[in-house]
Number of protein chains: 2
Amino acid sequence: MTGHSKPDVREDAQGSAARERFALLYGTLRNRISLLDYPPGTKLSEEALAAEFGISRTPLRRVLGWLESEGLLKSVQGVGTIVTDVDIEALAQVYHLRMELAELLGKLEPVSPDAETIALFRDLQESGSDLVNNPDPRRFAQLNMDFFHVLMRLCGNEPLREISERLYYQTARIWLKSISHMDMAEEAAIFSREITEVLAAVDIGDIEAVGHMRRAHISMSFKRLRNYYAGT
Amino acid sequence: MTGHSKPDVREDAQGSAARERFALLYGTLRNRISLLDYPPGTKLSEEALAAEFGISRTPLRRVLGWLESEGLLKSVQGVGTIVTDVDIEALAQVYHLRMELAELLGKLEPVSPDAETIALFRDLQESGSDLVNNPDPRRFAQLNMDFFHVLMRLCGNEPLREISERLYYQTARIWLKSISHMDMAEEAAIFSREITEVLAAVDIGDIEAVGHMRRAHISMSFKRLRNYYAGT
DNA sequence: TCGCGTGATGTTGTGTACATCAAGACAAAA
DNA sequence: TTTTGTCTTGATGTACACAACATCACGCGA
């Protein structure tokens, strides 16, 4: 463990009531942003959010501050708290980096999957098959996010986990925004195949292979995204 | 540019007075933590800090929140705001990751150095020579930090820059804390050589070589640190 | 009709008082 | 002497009122 503990939703580190409330708010808002409940450019109202969660602006502002430090929000006085957007060029840089980090998954302290992790992958595989039959953007995004989090169980390097997560959430919503306008059926099929292939690698405990596979899929995913934007 | 602009000290992005004040506070406190003015374990008082800077706790708390999100602080109710510390194992993970990221410097959008950058490297080389003759922990730390920031000018991938900086500041103070008890003269000599070698690579525009060199030095630096801790 | 100033309005930023919590001091009982 | 309960103290967490700021609509004048 590094010195600081992210108040993440996953790790329900027993904290004070304040810390738990913070984690809940943080996870909720991050999900809303990632799942495009708040599309890029949306102006959030601190007062409205505070009212919704039954708290005052002060603790809410702490949450917004963290989301701002992760690049998902930007507060500017007199204007509002705005959900950020990224252009295709910045996206390219993030994707390049994510490709490299994916490969590092298998190189820096990989952890051999336990029974629970493998079971989670099998669940994902099944959900992936369902998705192919019933394509739905939001379910697609949620599944993609779940897949990412299960993958992170294979990463024993905590700083790498943190950074990968940070970058993932910076790109996830852009990916979702674009994917809605692309060939959902094809994308779902590709994603389903990715899960299957990763599961195969996980089954024999070859984490490095998982990393290479991830890298390949991130690369191809970005290429398809780029082609889409080139056509618009 | 990615979607969010870090209120960093270097990039004096013209913002409102509030944003500038924030950047100033952020840089000041980060430096104090990194240079061990506030050693790990120190309990900071929000009220005292607010008084020192002539502001109230509220804007200060925003700064502390960012530093907490970067892993340099941890606020806990009823106790205080504490400067974090890391154990040698967590440090190992960060160093492993930093090694890989250093190599990425030359692979992901490297920028060929302009005249100003080269001049900065030459200044650093000179300062490095001075340091060898007059070893001083604090000056060493400051120079190391300057060196890092100049190196980042060679990195055209902004997410990589951000992450590298984040990880650098997580390790810099631990490094400084240890280096004070080690052979300062030898460490300064090694550092001076590193600058010289990097300058040579920069002079002929081989950024990839810079990356490999950095990786090697980060690796060796950690090995020496580990040896030191093994002896205690 | 166009340009410009001006005020209304809504937003985030800041200051301040109070609530909540944890740690140490201290005394009483076993 | 040790243990335990309570109280004091000082820290961060929270709520709320107000200041500073940007935007837009409106109206005045050229």
Side-chain angles (χ1 to χ4, degrees), chain A residues 3-7 13-29 33 38 40-84, chain B residues 3-7 13-29 33 38-85:
Chain A
H4 74 297
S5 65
K6 277 194 66 181
Q14 52 168 2
S16 56
R19 198 164 282 275
E20 288 179 24
R21 186 161 50 196
F22 176 92
L24 181 64
L25 279 177
Y26 177 80
T28 301
L29 289 183
I33 295 173
Y38 302 143
T42 304
K43 284 205 293 187
L44 304 178
S45 166
E46 291 184 355
E47 200 158 355
L49 283 176
E52 175 187 348
F53 294 113
I55 56 178
S56 86
R57 280 178 56 206
T58 308
L60 176 68
R61 277 171 65 71
R62 177 191 282 254
V63 177
L64 297 181
W66 275 65
L67 292 169
E68 183 172 1
S69 86
E70 306 229 334
L72 300 181
L73 292 179
K74 184 171 177 62
S75 292
V76 31
Q77 182 175 12
V79 179
T81 302
I82 300 150
V83 179
T84 56
Chain B
H4 75 297
S5 66
K6 279 193 65 179
Q14 52 166 2
S16 57
R19 198 161 283 274
E20 287 180 26
R21 186 161 51 198
F22 176 91
L24 181 65
L25 279 177
Y26 176 79
T28 302
L29 290 182
I33 295 173
Y38 302 143
T42 304
K43 283 205 293 185
L44 304 179
S45 166
E46 291 185 354
E47 200 158 356
L49 282 176
E52 175 187 348
F53 294 113
I55 57 177
S56 85
R57 280 178 57 207
T58 309
L60 176 68
R61 277 172 65 73
R62 176 191 283 256
V63 177
L64 297 181
W66 275 64
L67 291 169
E68 183 173 1
S69 86
E70 307 229 333
L72 300 181
L73 292 178
K74 184 170 177 62
S75 293
V76 32
Q77 182 174 10
V79 179
T81 302
I82 301 149
V83 179
T84 57
D85 198 358

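Sequence lines set the chain letters: A, B, ... in the order given, protein chains first and strands last, and positions in each chain run from 1.
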Quiz item: Among all residues two or more places apart in sequence or in another chain, which pass the side chain to side chain donor-acceptor pair (under 3.5 Å) test with A:E52?
Solution: A:R32
Practice problem: Kindly write out the residues that satisfy side-chain contact (heavy atoms from CB on, under 4.5 Å) with A:S56, not counting sequence neighbours, or none if the list is empty. | Solution: A:T58, A:P59
Quiz item: Which parts of nucleotides 17-23 of chain C does protein reach within less than 4.0 Å, heavy atoms only, written one letter per nucleotide 5' to 3' as B for base, S for sugar-phosphate only and - for none?
Solution: ---BBS-
Quiz item: Going by heavy atoms in the side chains, are B:L73 and B:I33 under 4.5 Å from each other?
Solution: yes
Quiz item: Taking all atoms of both residues into account, what is the closest heavy-atom pair of A:I55 and A:R21, and its distance?
Solution: CG2-CD, 4.2 Å
Quiz item: Would you say the side chain of A:L29 lies within less than 4.5 Å of the side chain of A:L44, judging by non-hydrogen atoms?
Solution: no
Quiz item: Closest heavy-atom contact between B:V79 and B:I82?
Solution: CG1-CD1, 3.8 Å
Quiz item: What residues, two or more places apart in sequence or in another chain, satisfy side chain to side chain donor-acceptor pair (under 3.5 Å) together with A:T42?
Solution: none
Exercise. Using whole Å, report how far CZ of B:R21 lies from P of C:dT12.
Key: 18 Å
Quiz item: Taking CZ from B:R19 and P from C:dT14, how many angstroms apart are they, rounded to a whole number?
Solution: 10 Å
Quiz item: By side-chain contact (heavy atoms from CB on, under 4.5 Å), which residues pair with A:R61, not counting sequence neighbours?
Solution: A:E46, A:R57, B:R62
Practice problem: Identify the heavy atoms of B:V83 and B:Y38 that sit nearest to each other, and give their distance. | Solution: CG1-O, 3.7 Å
Practice problem: Give A:R61 one of three labels, base, sugar-phosphate or nothing, depending on what nucleic acid heavy atoms sit under 4.0 Å from its own. | Solution: base
Self-check item: 5' to 3' contact window, DNA chain D with chain B (heavy-atom distance under 4.0 Å)
Solution: D:dG10 to D:dT14
Quiz item: With a 4.0 Å cut-off on heavy atoms, is A:L44 in touch with a base, just the backbone sugar-phosphate, or nothing at all?
Solution: sugar-phosphate
Exercise. Nearest 0.5 Å please: distance from the OH atom of A:Y26 over to the CG atom of A:L60.
Key: 14.0 Å
Quiz item: Can you tell me how far P of C:dT14 sits from CD of B:E20, to the nearest Å?
Solution: 12 Å
Quiz item: At their closest point, which heavy atom of B:T81 faces which heavy atom of B:S75, and how far apart are they?
Solution: OG1-OG, 3.3 Å
Practice problem: Would you jot down, in residue-number order, the residues of residues 47-56 of chain A having a non-hydrogen atom under 4.0 Å from DNA chain C? | Solution: none
